[in-house]
Amino acid sequence: MNNFIFQNATKVYFGKGCVKEYLACLTKPFQTIMLAYGGGSVKRNGIYSEVAGILREAGKIIVDFPGIMANPTYAKVQEGARLARETQADMILAVGGGSVMDCCKAAALAARYQGDVWEDFWAHPGVIDVEPLPLGVVVTVAGTGSECNGGAVITHEEKKIKTGRDYPKLNPRFALMDPTYTYSVPVRQMVSGGFDILSHIMETYFSGPDDDNVSDDIMEALMKSVIRNLRAAVWDQEDYTARSNLMWDSTMAENRLIKLGKKCDFQCHNMEHQLGAYTDCNHGCGLAVLHPVYYRHIYREGLPKFVRFAENVWGISREGKSDEELALAGIDALAAFIREMGLPTTLKELGASRDQLKEIASSCGISAGSYKKLTHKEILEIFQECYEEKE
Ligand code: NZQ
Ligand code: ZN
């Protein structure tokens with residue numbers, strides 16, 4: 001894939017060497033930069049020293065904001081906002097994956113907002129009438145697509161709620177995306193991020209309206225790309241073509257483009273987020289456990305689309321099969337891919353305990369865009385079905 005520049009609300013600089021080439025120029029208007037990152041991978045793989053070196057050479061004051069955890073908490077958001085205010089940072093640079101980017105989006109808002117951002121924006125959507133601190137991102141793992149939207153998923157630990165909101169004002173100003181930065185992502189995290197991409201596409205694809213629309217065609221191409229390139233990247237973790245495709249697939253899935261004209265489901269995300277709020281499980285792994293079981297619950301209500309998924313995404317032949325058999329064969333192919341990638345298949349593996357399931361199920365949001373509107377009772381059935389492998 002050749003390097004290119006793409007712009008929606010976020011301007012994307014994509015390709016090998018893009019950080020070296022563009023970071024100094026992009027940070028020119030700012031003086032004090034809060035450099036945010038996760039648990040330390042960027043220190044081990046050299047990304048931190050490359051980024052900090054460029055900023056130092058450009059004469060910037062760097063304020064470190066380390067330790068952003070997977071599934072970022074509201075407490076961490078407040079810590080970031082406080083630090084930005086105290087140091088008078090005039091921009092935040094998030095270097096990491098979805099967790100770092102999301103925490104920084106919320107901190108960028110909280111740093112400039114007088115009230116409580118959880119109560120006013122995450123507990124229920126509000127209208128943002130303040131200008132958040134400028135935010136730029138350097139993406140180090142493909143998955144969430146957070147680099148090109150205003151979405152930020154935050155966990156309120158005491159309230160046991162993990163929820164996301166998408167505000168255009170929180171779109172990063174720029175996203176630097178160098179696929180080679182993802183070479184060091186552990187395989188388990190790579191396949192989890194890959195499954196998150198697939199999930200974002202499926203959660204959009206399996207929703208109305210189902211008349212001929214280019215979004216569904218684009219999504220079939222994207223799903224095939226994720227499946228093919230994830231296999232290639234598992235085989236060779238430094239396959240630049242595969243890493244490039246995965247990185248751009250993840251952006252394409254969540255830059256709002258494919259959602260145009262679609263209702264969107266995101267019931268699996270609603271369920272996974274609450275599993276995360278209770279167990280702190282890995283996002284993509286939680287989704288991998290839920291998707292096949294959820295689809296076996298709803299496929300009858302969206303049968304033609306599940307048939308199309310089986311034929312167009314998995315290449316399953318219709319020969320001798322009823323629509324229902326074909327739809328189920330597509331879901332089976334998805335489940336087989338999850339196993340092939342070594343992703344978990346049970347909630348037990350994610351660390352959930354059986355006696356928590358009822359409480360978690362009743363805390364889940366219900367999607368209005370699903371082919372079949374679930375009840376909390378049915379969510380509990382889904383959780384119980386995927387709790388552990390059947391004998
Ligand atoms: O913390 P460090 O040490 O940096 O390690 C991270 C972390 O352990 C590691 N990692 C990242 N880049 C690496 C690397 N390790 C080696 N080399 C690299 N280059 O990967 C681990 C996971 O990172 P994380 O940021 O948590 O992963 P991901 O990008 O999957 O983000 C998950 C979070 O995003 C939310 C999820 O719910 C979860 O909280 N989501 C955000 C969305 C959005 N804003 O649009 C949409 C998604 O549906 C999702 O809900
Ligand atoms: Zn996701």
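Everything numeric in this text was worked out from a predicted model, so none of it was measured. Positions are given from 1, in the same order as the sequence printed here. Counting starts at 1 for both ligands and their atoms, following the listed order.
We find that K259 and E254 are joined by a salt bridge, their nearest charged nitrogen and carboxylate oxygen being less than 4.0 Å apart.
Side chains of Y278 and E359: a donor on one and an acceptor on the other come within 3.5 Å. Side chains of K105 and S146: a donor-acceptor N/O pair is present below 3.5 angstrom, by distance only.
Neighbours of the Zn ion (ligand 2) restricted to protein N, O or S atoms under 2.8 Å: the count is 4.
Note that CZ of R173 is 11.5 Å distant from CD1 of I92, once rounded to the nearest 0.5 Å.
Sorted by first and then second residue, the pairs that involve residues 186-195 and meet side chain to side chain donor-acceptor pair (under 3.5 Å), not counting sequence neighbours, are Q189-N282, S192-N282.
A search for ring pair (Phe, Tyr, Trp, His ring centres under 6.0 Å) contacts involving F206 returns Y295, F306, F309, not counting sequence neighbours.
Using modelled atom types, no side-chain atom of S225 and backbone atom of A221 make a donor-acceptor pair closer than 3.5 Å.
Taking a 6.0 Å sphere around NZ of K263, one finds it holds 12 or fewer heavy atoms contributed by other residues, nucleotides or ligands.
Ring-plane geometry between W314 and F337 is classed as tilted, the angle between the planes lying from 30 to 60 degrees on a 0 to 90 degree scale.
Closer than 4.0 angstrom to ligand 1 sit non-hydrogen atoms from G38, G39, G40, S41, N45, A70, N71, P72, G97, G98, S99, D102, T140, V141, T144, S146, N149, G151, V153, K162, Y181, S184, V185, P186, Q189, D196, H200, H269, H273, H283.
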